Colleague: 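So that we are looking at the same thing, I have put the structure below in structure tokens.
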Amino acid sequence: MLVVIKESSKQVGQEAARIVANSLRANPKIVLGLATGSTPLGMYEELIALHKSTALDFSHATSFNLDEYLGLAPDNPQSFHYFMHSNFFSQVNFSPDKIHIPDGAFRKDYSAYCDEYERAIKNSGGIDLQILGIGRNGHIGFNEPNSSLASRTRLKELTQETIEDNRRFFPQGAEIPECAITMGIGTILDARRILILATGKSKAAAVAKAIEGPISSSVSASALQLHPDVTFLIDEDAAYALTQRDYYRRVLELTKKYTPEKFQ
Ligand code: GLP
């Protein structure tokens, strides 16, 4: 695991965008796994800026989003569909037919729909680079504590903590969805490379458990320890509770010196 500690959340966004842009330039047909939330917003802003200033070309790329709330239509301003379109897709040249976001519609058979989402990921050749945020309870996507580390895309019940954390995105008094469709931890671990972003003190405990704690379904991000190519890109505040910060800095220096290809 590479742990990259930046001074500010702005630098986290810039560095994440640099990694995505380099991966896209190296492989224009890249399959990206994308995340919502306030954390990756800076990355999307930077990618939009790069698209405008350097003609960074998304037209051949494919994307799969991690999750969507159950019961929110794509045109609902609180839906992740809306988030992705307004904060990213509408401002770059992604082909609409290559964008995939789980459909949060109520339906009879969630498993059949989720299997289809899994099949679409497989048929695209699999995710090359998965972007993640992390919840305060250590979740990735909406894989709440106790999610199976082998879970696939499915309907997931949200914890009260997650519902409260996400209340800030909803108008006052609005009902917050109690479930979501989310990629599973097994789905995420199938990605070839994973870039997880975290900023702010409120994420410090979850980040420390994910990186230095035992692998446990209680902290779904700890499952990333099983993956051979994970980069944690975090700011000083989110790194606050890590005990091995100096060592991580050394690892990064030596990685840049001896195996720079690992940190493109
Ligand atoms: C939601 C999303 C996660 C995201 C998390 C943190 O629960 N399902 O993918 O990582 O929020 O969001 P934020 O970046 O706003 O703190």
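Every number for a ligand or one of its atoms is a count from 1 in the order of the listing. Note that the coordinates shown come from a computational prediction; the quantities given were computed from them, not determined experimentally. Each residue takes its place number in the sequence, starting with 1. What you see below is based on every heavy atom in this structure, not just the backbone, and it leaves out hydrogens, waters and symmetry mates.
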Colleague: Return the closest protein heavy atom for atom 8 (N) of ligand 1 as residue, atom name and distance.
Modeller: Asp67 OD2, 2.7 Å
Colleague: Does a sphere of radius 6.0 Å around CD in Glu261 hold more than 12 heavy atoms from other residues, nucleotides or ligands, not counting ones at 6.0 Å or beyond?
Modeller: yes
Colleague: Give the atoms of ligand 1, by number and element, whose distance to some non-hydrogen atom of Thr39 is under 4.0 Å.
Modeller: 13 (P), 14 (O), 16 (O)
Colleague: Using 4.0 Å as the upper bound for N to carboxylate O, is an ion pair formed by Glu161 and Arg167?
Modeller: no
Colleague: For ligand 1, note which part of Ala35 has a heavy atom under 4.0 Å away: side chain, backbone, both or neither.
Modeller: neither
Colleague: So for His139, does at least one of its heavy atoms come nearer than 4.0 angstrom to any atom of ligand 1?
Modeller: yes
Colleague: Can you establish whether the number of heavy atoms outside Tyr247 located under 6.0 Å from its atom OH is more than 12?
Modeller: no
Colleague: Flag Gly135 as yes when one of its N or O atoms lies below 3.5 Å from any N or O atom of ligand 1, and as no otherwise.
Modeller: no
Colleague: Provide, to 0.1 Å, the distance between atom 4 (C) of ligand 1 and the closest protein heavy atom, together with that atom's residue and name.
Modeller: Thr36 O, 4.1 Å
Colleague: Report the nearest protein non-hydrogen atom to atom 16 (O) of ligand 1: residue, atom name, distance rounded to 0.1 Å.
Modeller: Lys203 NZ, 2.6 Å
Colleague: Any atoms of ligand 1 less than 4.0 Å from a non-hydrogen atom of Gly133? List them with their elements.
Modeller: 10 (O)
Colleague: Would you indicate whether Tyr240, at its atom OH, is surrounded by more than 12 heavy atoms from other residues, nucleotides or ligands within a distance under 6.0 Å?
Modeller: no
Colleague: Identify, for atom 6 (C) of ligand 1, the protein heavy atom at the shortest distance, and state residue, atom and that distance.
Modeller: Ile134 O, 3.6 Å
Colleague: Kindly confirm or rule out a cation-pi arrangement of Arg107 over Tyr113, judged by NZ or CZ under 6.0 Å from the six-membered ring centre and within 45° of its axis?
Modeller: yes
Colleague: For ligand 1, does Lys156 get within less than 4.0 Å through its side chain, its backbone, both, or neither, judged by non-hydrogen atoms?
Modeller: neither
Colleague: Are a donor atom and an acceptor atom from the side chains of Gln91 and His51 found within less than 3.5 Å of each other?
Modeller: no
Colleague: Is Glu15 salt-bridged to Arg18, cutoff N-O under 4.0 Å?
Modeller: yes
Colleague: Under 4.0 Å, counting heavy atoms only: does Met183 come that close to any atom of ligand 1?
Modeller: no
Colleague: Does Lys6 pair with Asp235 as a salt bridge, N-O distance under 4.0 Å?
Modeller: no
Colleague: Is it true that Asn166 lies under 4.0 Å from ligand 1, counting heavy atoms only?
Modeller: yes
Colleague: Applying ring pair (Phe, Tyr, Trp, His ring centres under 6.0 Å) to Tyr69 and Phe142, what does each step give before you reach the verdict?
Modeller: CA-CA 9 Å; Tyr69 285 115; Phe142 269 130; 5.5 Å; yes
Colleague: Can you figure out which of Gly141, Gly37, Ala221, Ala206 has its heavy atom closest to atom 9 (O) of ligand 1?
Modeller: Gly141
